[in-house]
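Keep in mind that this is a model prediction, so the values were computed, not measured. Chain letters run A, B, ... following the sequence lines, proteins first and then strands; every chain starts at 1. The figures that follow rest on heavy atoms only: side chains count, while hydrogens, waters and symmetry mates do not.
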There are 2 protein chains.
Amino acid sequence: MMAQTPQTEAEFLASYDPKAFDAPLATVDVSIFTVIEGALHVLLIKRDEFPFKGAWALPGGFVDLSQDNGLDATAMRKLQEKTGVEASHLEQVQTIGNLSRDPRGWSLTVLYFALMSAESVTLNPGAGATEAAWHKLKGGQVEPPLAFDHAKLLKRAFARLQNKARYTMLPGYVLAEEFTLTELINIYRILLEEDLDNPMMRRRLLRSGMLEETGSMREGGNRPAKLYRYARAASNHVFDRNLEAGK
Amino acid sequence: MMAQTPQTEAEFLASYDPKAFDAPLATVDVSIFTVIEGALHVLLIKRDEFPFKGAWALPGGFVDLSQDNGLDATAMRKLQEKTGVEASHLEQVQTIGNLSRDPRGWSLTVLYFALMSAESVTLNPGAGATEAAWHKLKGGQVEPPLAFDHAKLLKRAFARLQNKARYTMLPGYVLAEEFTLTELINIYRILLEEDLDNPMMRRRLLRSGMLEETGSMREGGNRPAKLYRYARAASNHVFDRNLEAGK
DNA sequence: ATAATAGTGTCTTTAAGACAATATTAC
DNA sequence: GTAATATTGTCTTAAAGACACTATTAT
């Protein structure tokens, strides 16, 4: 308790006790998406700690006040911990907070989603987990039951990603650095769960100005295909018109 | 400290101390927008407490763990406290957390924006404030310097609102229940800071299916104008094409 | 009548959507 | 040659954008 009412801001801050008020538990959770063998996958870890010990969950955890520069840093730290690499895209989705989502009490989680290529990633359970694995997504859901409200969080993250497939170039960030147009369009098909006209998508993607030819070709199948990459300044193009698919 | 490692979830929860970990301070801040005399305004309060005592700030405050059902509830409570009414629209924008934004330590704020008609609102400073007033916005900024990082938060909330003006019917929520098409189009002009073709906007707004005629007219000026209101199921129409204005 | 604001009609442009046709590889 | 996939071309449609025009009030 304060000795007396402080008269200046310096006095106030000197006597301020951050633990005087009840604060919610604050965590960051990340939905890390990739595409493996033509299907969308999300990275899950198997919890080795209470609560929900033994259950699958989104990677996440408490903000580390001494280590994290900001919320994005917490999300990136979690990502690095589990995959050893940086994501091609990381984006905050929403913050959910209430009394019921965590049996430990009033808690709040800042939900992120990340996109990365599954190539060259070695999964690492890290502290507090016994396993880390890619799980196939069907309609924004995953096979096993998830800890906390993570099933709901996952659905929301997927919904955001799916929606952005209708008007941005984001989906390509689940691919490796070089890819063909057909590969890129297929990612859109997977996310929007609908067939898309090839010539239309081709024109649309090229018009974005975000793609550049690498100069080489993908050989091996039938007709070889040009390889593309995202242009450096990858300013994340937003189309003026949405695809009607995936509504 | 725990006596020993718990074996069951129930044991774990019984011995769990939420204050064992350092948690960030968690607040909710709300940018409440309206249009008064053809200009966009935001509701600010003058702080009567440290830190930033005497400075203008966005209405907001700590989550009340005993009272708030969720983060949206915290935002609605703040809104009610200052205006006495409910907002026509309330939406979460983003969560910002870092060590530098609050001199009291690592803190996190969940930013919301709200839209309401200024009509029939009596402003109320409420606890912790000496004044509450509408401040005119110019380019997402307000005259007086703001407490904390609120100038940045305000800019971000405004950017979100401006962006949504390009592809949603949201802007109308700053109007009273009944309005003319010209009034509605003018809100878009104010938000996008650009002139808009009247016939084009008229067709666009009517095609949304979100408007219904009230049956009465606004008289008084020159030619009377039909009055409209948002149709009940106001499912928040999203246009498939964006306006080019305001890019 | 004129001024002022509300509201309609029509043309152009752009990009999505549909689909036919051609090109390049492997076999 | 055929199969398979990559790539190009052309037509339709819908809505934005531009702008001319008509309608209804007040004075």
Side-chain angles (χ1 to χ4, degrees), chain A residues 38 163 165-169 171 175 178-189 192-228 237-247, chain B residues 38 163-169 171 175 178-189 191-228 237-247:
Chain A
N163 197 247
R166 294 184 57 224
Y167 63 94
T168 72
M169 297 281 288
L175 294 171
E178 304 197 347
F179 48 85
T180 67
L181 281 185
T182 301
E183 285 162 2
L184 180 50
I185 296 171
N186 278 334
I187 302 297
Y188 281 89
R189 293 200 176 101
L192 296 172
E193 296 166 337
E194 198 160 328
D195 195 26
L196 294 167
D197 186 69
N198 207 297
M200 183 272 283
M201 284 304 288
R202 209 157 237 291
R203 263 179 298 153
R204 181 175 160 108
L205 295 171
L206 290 175
R207 247 202 322 261
S208 76
M210 272 186 72
L211 298 179
E212 63 183 17
E213 302 183 7
T214 68
S216 36
M217 311 281 280
R218 168 138 309 157
E219 326 251 356
N222 298 287
R223 172 169 174 176
K226 278 185 185 166
L227 284 168
Y228 291 85
H237 183 76
V238 175
F239 294 96
D240 270 350
R241 289 174 68 168
N242 300 343
L243 295 172
E244 281 175 19
K247 266 200 259 202
Chain B
N163 197 248
K164 285 217 163 179
R166 295 184 59 224
Y167 62 94
T168 72
M169 297 282 287
L175 293 171
E178 305 198 347
F179 48 85
T180 67
L181 282 185
T182 302
E183 284 161 3
L184 180 51
I185 296 170
N186 278 334
I187 302 297
Y188 281 89
R189 294 201 175 102
L191 288 176
L192 296 173
E193 295 165 338
E194 200 160 326
D195 195 26
L196 295 167
D197 186 68
N198 208 297
M200 184 271 283
M201 285 303 288
R202 211 156 234 292
R203 263 179 298 154
R204 182 174 160 107
L205 295 171
L206 290 175
R207 247 201 323 261
S208 76
M210 273 187 71
L211 298 179
E212 63 183 16
E213 302 183 7
T214 67
S216 37
M217 310 281 279
R218 168 138 309 157
E219 326 252 355
N222 299 286
R223 172 168 173 176
K226 278 185 186 165
L227 283 167
Y228 291 85
H237 182 77
V238 175
F239 294 97
D240 270 348
R241 288 174 70 168
N242 300 343
L243 295 173
E244 280 175 18
K247 266 200 261 200

Colleague: Report the distance from atom CD of E219(B) to atom P of dT27(D), rounded to the nearest whole Å.
Modeller: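 After rounding, the reported distance stands at 13 Å.
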Colleague: Rounded to the nearest angstrom, tell me the gap between atom NZ in K226(B) and atom P in dT24(D).
Modeller: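 Rounding to the nearest Å, NZ of K226(B) and P of dT24(D) are 11 Å apart.
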Colleague: Measure from CG on L206(B) to P on dA6(C) and round the result to the nearest Å.
Modeller: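 Going from L206(B) (CG) to dA6(C) (P), I get 14 Å.
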Colleague: T182(B) and side-chain contact (heavy atoms from CB on, under 4.5 Å): which partner among L184(B), N186(B), I185(B)?
Modeller: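 Single pass found, and it is N186(B).
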Colleague: In terms of the nearest nucleotide of DNA chain C, which residue is placed more toward the 5' end: L196(A) or P199(B)?
Modeller: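 Nearest nucleotide further toward 5': that of P199(B).
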Colleague: For L205(B) and dG17(D), give me the distance from atom CG to atom P, rounded to whole Å.
Modeller: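 My rounded result for the distance is 12 Å.
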Colleague: Nearest to the side chain of R241(A) - dA16(C), dA15(D), dT24(D)?
Modeller: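 So the side chain of R241(A) is nearest to dA16(C).
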Colleague: Nearest to the side chain of N222(B), which nucleotide is it out of dG17(D), dT7(D), dT5(C)?
Modeller: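 Closest nucleotide to the N222(B) side chain: dT5(C).
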Colleague: I need the CE-P distance between M201(A) and dA6(D), as an integer number of Å.
Modeller: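 Rounded to the whole Å, the gap is 15 Å.
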Colleague: Considering only heavy atoms from C-beta outward, does the side chain of N198(B) approach that of R189(B) to under 4.5 Å?
Modeller: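 Yes, at least one pair of side-chain atoms sits under 4.5 Å.
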Colleague: Do M201(A) and L181(A) come within less than 4.5 Å of each other through their side chains, counting heavy atoms only?
Modeller: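 In short, these two side chains do not touch, never coming nearer than 4.5 Å.
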Colleague: Which nucleotide wins on minimum distance to the side chain of D197(B), given the candidates dC19(D), dT25(D), dA6(D)?
Modeller: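 From the listed options, dC19(D) comes nearest.
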Colleague: Round to the nearest Å and state the distance from M200(A) atom CE to dG9(D) atom P.
Modeller: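 So the two atoms are 18 Å apart, to the nearest Å.
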Colleague: How many Å lie between CE on M217(B) and P on dA26(D), as a whole number?
Modeller: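 One finds 12 Å between P of dA26(D) and CE of M217(B), rounded.
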Colleague: Determine yes or no for a side-chain-to-main-chain donor-acceptor pair under 3.5 angstrom, with R241(B) supplying the side chain and R241(A) the backbone.
Modeller: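 Side chain of R241(B) to backbone of R241(A): no pair is present.
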Colleague: Does dA15(D) have OP1 or OP2 sitting under 4.0 Å from an N or O in the side chain of R204(B)?
Modeller: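 No, because none of the side-chain N or O atoms of R204(B) sits under 4.0 Å from OP1 or OP2 of dA15(D).
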Colleague: Judged by each residue's nearest nucleotide on DNA chain C, which is more toward the 5′ side, R207(A) or T180(B)?
Modeller: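 The residue mapped nearer the 5' terminus is T180(B).
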Colleague: With sugar-phosphate meaning primed atoms plus P, OP1 and OP2, does N198(B) contact a base, only sugar-phosphate, or nothing at under 4.0 Å between heavy atoms?
Modeller: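 No contact at all - N198(B) keeps every heavy atom at 4.0 Å or more from the nucleic acid.
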Colleague: Any base atoms under 4.0 Å from R202(B), or only sugar-phosphate, or nothing? Heavy atoms, all strands.
Modeller: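 Base, at least one base atom sits under 4.0 Å.
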Colleague: Can you tell me the distance, in whole Å, between the CD atom of E244(A) and the C1' atom of dA18(C)?
Modeller: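 Result: 12 Å.
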Colleague: Of the nucleotides dT7(D), dA16(C), dG17(D), which one has an atom closest to the side chain of R223(A)?
Modeller: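 So the nucleotide nearest the side chain must be dT7(D).
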Colleague: Please classify the nucleic acid contact of R203(B) as base, sugar-phosphate, or nothing, using heavy-atom distances under 4.0 Å.
Modeller: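 Base contact.
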Colleague: Going by heavy atoms in the side chains, are M169(B) and F239(B) under 4.5 Å from each other?
Modeller: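 SC-SC contact between M169(B) and F239(B) confirmed.
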